[in-house]
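Right, one structure below, let's go through it.
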Protein chains: 2
Amino acid sequence: MSENKSKHQQVIEALAVADGPMSANELWEHLRSNPSLNSIGIATVYRSLKKGVEDGELVPVELESGSVRYESSGLQHHHHFLCSTCSRAYDVEGCVKNLDKLLPQGFEMTRHEILLYGLCADCKMAG
Amino acid sequence: MSENKSKHQQVIEALAVADGPMSANELWEHLRSNPSLNSIGIATVYRSLKKGVEDGELVPVELESGSVRYESSGLQHHHHFLCSTCSRAYDVEGCVKNLDKLLPQGFEMTRHEILLYGLCADCKMAG
DNA sequence: CCGTGAATGATAATCGATTATCATGCCGTG
DNA sequence: CACGGCATGATAATCGATTATCATTCACGG
């Protein structure tokens, strides 16, 4: 029946409403714990992520060593916050000026990323 | 004889004069190609990096997925440039203001990293 | 000169992430 | 209903990075 979403769609949509980029494993655990769907295999998550990138719906984001996260493409310019306790990544809005001033002579910059580290609101409250 | 440096020292010193953080593999290739020392094993590089961090001489830097780079501790505040052609990381001096404004409500920031991407001077010249 | 311990290097082993494989279930069509 | 194709899941295989192992070398003190 068409009202049932494919697992692939569920991966894409989970990222569409996420508050930050997620890794394959994070997505897997998130989707498995969702009661509205039976279960999902890690292989399907990887397949959907790969396809999502090929289709231009998703963008890989590498914030640290060890894993690649993914976010919906077409988000407006933003940066990321990494919680040192729960390891989750959050989108943060906005940007800063004068980044060009950091660029060394002779270098050419095509893009940039700003990473904030610390405690997210949840972990800060959990104390 | 004491005028001969240990391999460990050579690893530490190579990082001390590097223009950016280096991975174990980058260091290995760099040191192997140096005519002033016979050769060095990758195991020694890893050992020296680990010891360097334990001793507080080195700091691990994670800029992207896949590998950890290391830099001398005690460098003044700086950020990094990643060349998309040669994949090398370069230190860039300076910082920017108003990073706090990016921080979401309820979050606590302990540090930050700014990453510039593009072509380094060498790769830009090489066309 | 011999024994001991640290440093080193080659390489096997491990580890986490990702991909490949293969069998199964399901759906629509003829 | 039988068939063909696609989505899925379990899991084996792979891959790169890192660590562990083990034998060798070398400097030094007895």
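Just so it is clear, the values below take in all heavy atoms, side chains as well, and ignore hydrogens, waters and symmetry mates. First the proteins, then the strands, lettered A, B, ... as listed; each starts at 1.
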Distances under 3.5 Å between protein N/O atoms and the N/O atoms of nucleotides 9-13 of chain C, please, pair by pair.
from: C:dG9; atom 1: OP1; to: B:Lys7; atom 2: NZ; distance (Å): 2.5
from: C:dG9; atom 1: OP1; to: B:Ser39; atom 2: O; distance (Å): 2.9
from: C:dG9; atom 1: OP2; to: B:Gly41; atom 2: N; distance (Å): 2.9
from: C:dG9; atom 1: OP2; to: B:Thr44; atom 2: OG1; distance (Å): 2.7
from: C:dG9; atom 1: N7; to: B:Arg47; atom 2: NH2; distance (Å): 2.6
from: C:dG9; atom 1: O6; to: B:Arg47; atom 2: NH1; distance (Å): 3.3

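- Here A:Arg69 pairs with A:Glu64 in a salt bridge; the nearest charged N to carboxylate O distance falls below 4.0 Å.
- A:Gln10 approaches A:Leu31 most closely through the heavy-atom pair O-CD2, 4.1 Å.
- In this structure A:Glu113 satisfies the side-chain contact (heavy atoms from CB on, under 4.5 Å) test together with A:Leu63, A:His79, A:His80, A:Leu115, B:Leu115, B:Tyr117, sequence neighbours excluded.
- Protein atom CG of B:Leu63 is 15 Å distant from nucleotide atom P of D:dA17, rounded to whole Å.
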Distance-only donor-acceptor hits, side chain of residues 11-26 of chain A, under 3.5 Å, sequence neighbours excluded:
from: A:Glu13; atom 1: OE1; to: A:Lys5; atom 2: NZ; distance (Å): 3.0
from: A:Ser23; atom 1: OG; to: A:Glu26; atom 2: N; distance (Å): 3.1
from: A:Glu26; atom 1: OE1; to: A:Ser23; atom 2: N; distance (Å): 2.9

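- Within the structure, every side-chain polar atom (N or O) of A:Tyr46 is placed at least 4.0 Å from both OP1 and OP2 of C:dT19.
- For the pair B:Lys51 NZ and C:dA7 P, the computed distance is 7 Å after rounding to whole Å.
- With hydrogens and angles disregarded, no donor-acceptor distance shorter than 3.5 Å links the side chain of A:His8 to the backbone of A:Ser6.
- Between the P atom of C:dA17 and the CD atom of A:Glu26 lies a distance of 10 Å, rounded to the nearest Å.
- If you take CE of A:Met22 and P of C:dA17, they are 15 Å apart, rounded to a whole angstrom.
- Taking atom CZ of A:Arg32 as the reference point, atom C1' of D:dG9 lies 12 Å away to the nearest angstrom.
- By the rule that hydrophobic residues join a cluster once side-chain heavy atoms approach within less than 4.5 Å of another member, B:Val68 and B:Val59 end up as members of separate clusters.
- If you measure from atom CZ of B:Arg69 to atom P of D:dT18, you get 11 Å, rounded to the nearest angstrom.
- In this structure, A:His30 contributes its side chain and A:Trp28 its backbone to no donor-acceptor pair below 3.5 Å.
- Contact record, A:Cys95 with B:Leu102: N-CD2, 3.5 Å, taken as the closest heavy-atom pair.
- Between the axis at the start and the axis at the end of the helix from C:dC1-D:dG30 to C:dG30-D:dC1 there is an angle of 10°, using five pairs per end and rounding to 10 degrees.
- Rounded to whole Å, the distance from CD1 on A:Ile12 to P on D:dA7 is 13 Å.
- A:Thr85 contributes no side-chain N or O that, together with a main-chain N or O of A:Leu119, makes up a donor-acceptor pair within less than 3.5 Å.
- Heavy-atom nearest nucleotides on DNA chain C were determined for A:Asn25 and for B:Ser48, and the one closer to the 5' end corresponds to B:Ser48.
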Nucleotide N/O to protein N/O under 3.5 Å, stretch nucleotides 14-16 of chain D:
none

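- Taking atom CG of B:Leu31 as the reference point, atom P of C:dA7 lies 18 Å away to the nearest angstrom.
- Without hydrogens or angle criteria, B:Lys7 side chain to B:Ser48 main chain gives no donor-acceptor distance under 3.5 Å.
- Scanning for side-chain contact (heavy atoms from CB on, under 4.5 Å) contacts around B:Val53 gives B:Leu58, B:Pro60, B:Tyr70, with sequence neighbours left out.
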